[in-house]
Amino acid sequence: MPNVNPDRLLTDLDALRAIGAQGTGVVRPAFSAKDMEARRWLARKFADAGLETTIDGVGNVFGRSRRAGPALLVGSHSDTQPTGGWLDGALGVVYALEVVRALADDPATAQLPVDAISFQDEESRFVGCLGSRSFVGSLSPEQEAAAIDRDGVTLADALAGAGLAATPRLRGDPARHCGFLEAHIEQGPQLEDDAKRIGVVTTIVGVRGLRIIFRGQQNHAGTTMMARRRDAAAALFDYASAVNREFPRIAAARSVWTMGRVQVVPNATSIVPGYAELDLQFRDADDTVLDAMEALAERLVAEANRQSGVRLELQRARAPIAPTRMDGTLRRHLAAAAERHAPGQWLEMPSGAFHDAGIVSARLPAAMLFIPSIGGISHDFAEDSRRDDIVLGCRVLADAAASILGSDLRG
Ligand code: HGY
Ligand code: MN
Ligand code: MN
């Protein structure tokens, strides 16, 4: 059995947390100074664990085992949301490091090859899952050219600022890897609600994002009578109300939609706004439901343009991510390991968050393991998990990795 070292695991997780720490959370947006500092730290840790380590041209940190393949690729991402939790992504990256060391520490598994990776920009500062898209060859030149963050920084500027513009980019070699495992916090309440300690993921949701632009007429808040106004913010509020009224009619059981980014210009109390932006993000595990939601969003724009003096325009706000199913064979190895370490305390479940495993699954068999999030909280400084759940999750992942590499999956 691979020899996971709890102190070593938790010490490294706490060390990574300290890079970009703010209160109980972490601020390490892709390509920021703290993100790159964390990547260099990780590269040193991968090298100390005996891996041939590279930080590639989009910031992916890749540690290649010196043992002959096919190898198992294990990892996640180490960039965070603007106000991120300390475990989102970081858990799976430090688990990958610990799985490498745990297998090496056991003579029975010491020859099994595990490659480790931290992908870049999973959190969509520029392109959601930028690093895994680049690694599997699905990052389009158009996506890259259009990539700009919410402060107007382009991806090209960020790459240059991080000193990566001329650095070669790694492309995953399908002959090198028999599969990809990603461990992650659940980021939701299901495991805690069901008193379970391990989740084996079945499907990962698809995500789409639209931006609705509202163009009206800026004017004086006192002298412009209501009938004469072309109030961009009022039109935005009406549109958002229409979404919340109409989306439930076509939504499926686990459909979600979020309007978490709003801009009103000039955002002043005594001025009728002439311009506004609303981001509408929606997710589901079924592409036909996503298609229906997108068509409804478009219909609501057309209806608003027929009724108000404010002009609405619909733009795509992010690279879409398609729903994906996790690999059945890898899932069975995760489930068997979960039963060995937490008998009866695990379940199979969908992921409401998207993950690099969803992108990688287009090129490699991929599977995911969840540990519980306390209170189901994530994408918030309050994000946390119990230390014993963190250790248990790593033991299950290491055990599953060893069983996968010992199986005929390696061909
Ligand atoms: O938003 C997501 O699902 C991921 O955590 N970035
Ligand atoms: Mn994540
Ligand atoms: Mn996240």
Side-chain angles (χ1 to χ4, degrees), residues 13 16-17 20 25-30 32 35 38 42 59-61 74-96 117-133 147 149-150 180-190 199 201 203-210 254-261 279-285 290 317-324 326 349-361 366-373 376-385 390 393 397:
L13 269 171
L16 179 52
R17 179 180 201 171
V26 177
V27 177
R28 276 199 317 259
S32 62
D35 172 55
L42 198 57
N60 290 329
V61 185
V74 183
S76 189
H77 62 94
S78 50
D79 61 290
T80 72
Q81 282 282 328
T83 50
W86 74 287
L87 287 167
D88 179 354
L91 181 92
V93 166
V94 176
Y95 271 16
I117 195 157
S118 169
F119 289 117
Q120 178 60 291
D121 200 15
E122 186 277 349
E123 296 289 9
S124 311
R125 178 185 172 192
F126 293 103
V127 179
C129 298
L130 168 78
S132 48
R133 290 175 191 266
D149 76 358
R150 59 186 197 169
F180 174 63
L181 290 186
E182 180 172 10
H184 207 283
I185 50 171
E186 178 200 342
Q187 300 182 288
Q190 187 171 348
V201 175
T203 55
I204 301 178
V205 289
V207 186
R208 297 190 194 170
L210 302 174
R254 294 180 69 95
S255 302
V256 293
W257 57 93
T258 310
M259 294 178 267
R261 178 188 173 277
D279 278 15
L280 170 60
Q281 185 197 87
F282 44 100
R283 307 185 184 204
D284 195 85
L290 293 173
R318 64 161 303 127
I321 293 179
T324 50
M326 296 290 92
M349 60 187 290
S351 173
F354 65 80
H355 298 285
D356 290 306
I359 300 296
V360 175
S361 69
M368 289 195 77
L369 171 151
F370 279 166
I371 70 165
S373 293
I377 301 290
S378 182
H379 282 191
D380 183 281
F381 282 177
E383 177 189 287
D384 203 359
S385 294
I390 290 174
L397 189 71

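Counting convention: from 1, in listed order, for ligands and their atoms alike.
Without hydrogens or angle criteria, Asp79 side chain to Gln120 main chain gives no donor-acceptor distance under 3.5 Å. Of the possible donor and acceptor atoms, none in the side chain of Ser361 sits under 3.5 Å from a partner among the backbone N and O of Met326. A donor-acceptor pair under 3.5 Å is formed between the side chain of Ser385 and the backbone N or O of Pro372. Side chain of Thr203 to backbone of Ala285: no donor-acceptor contact under 3.5 angstrom is found.
Ranking protein heavy atoms by distance to atom 5 (O) of ligand 1, first place goes to His379 NE2, 3.0 Å. Scanning all protein heavy atoms for the shortest distance to atom 4 (C) of ligand 1 gives Glu122 OE2, 3.4 Å.
For His77, the nearest N, O or S atom to the Mn ion (ligand 2) falls under 2.8 Å.
Here the options are Asn60, Asp88, Asp35, the test is side-chain hydrogen bond (donor to acceptor under 3.5 Å, both in side chains), and the partner is His77; only Asp88 passes. Screening Val205, Val207, Leu210 for a side-chain contact (heavy atoms from CB on, under 4.5 Å) involving Phe282 leaves a single residue, Leu210. With Ser124 as the partner, the side-chain hydrogen bond (donor to acceptor under 3.5 Å, both in side chains) test is satisfied by one option alone out of Arg318, Gln81, Gln281: Arg318.
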Determine, stepwise, if the pair Asp384 / Ile185 fulfils side-chain contact (heavy atoms from CB on, under 4.5 Å). CA-CA 9 Å; Asp384 203 359; Ile185 50 171; over 6 Å; no
Could you walk me through whether Cys129 and Ile321 pass the side-chain contact (heavy atoms from CB on, under 4.5 Å) check? CA-CA 9 Å; Cys129 298; Ile321 293 179; 4.2 Å; yes
List the steps, then state whether side chain to side chain donor-acceptor pair (under 3.5 Å) holds for Gln187 with Ser373. CA-CA 6 Å; Gln187 300 182 288; Ser373 293; over 6 Å; no
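A pairwise comparison of heavy atoms in Asp356 and Glu122 identifies OD2-CG, 3.4 Å as the closest pair.
For ligand 1, the atoms lying closer than 4.0 Å to a non-hydrogen atom of Glu123 are 4 (C), 5 (O), 6 (N). Taking every non-hydrogen atom of Gln187 and a distance limit under 4.0 Å, the qualifying atoms of ligand 1 come out as 5 (O). Listed by number with element, the atoms of ligand 1 under 4.0 Å from a non-hydrogen atom of Ala353 are 3 (O).
Counting only protein N, O or S atoms closer than 2.8 Å to the Mn ion (ligand 3) gives 4.
Of the heavy atoms in His355, none comes closer than 4.0 Å to ligand 1. Counting heavy atoms closer than 4.0 Å to ligand 1, residue Arg283 contributes side-chain atoms (C-beta onward) but none from N, CA, C or O.
Between Phe354 and ligand 1, a contact under 3.5 Å exists for at least one N or O pair. Every N/O-N/O distance between Gln81 and ligand 1 stays at or above 3.5 Å.
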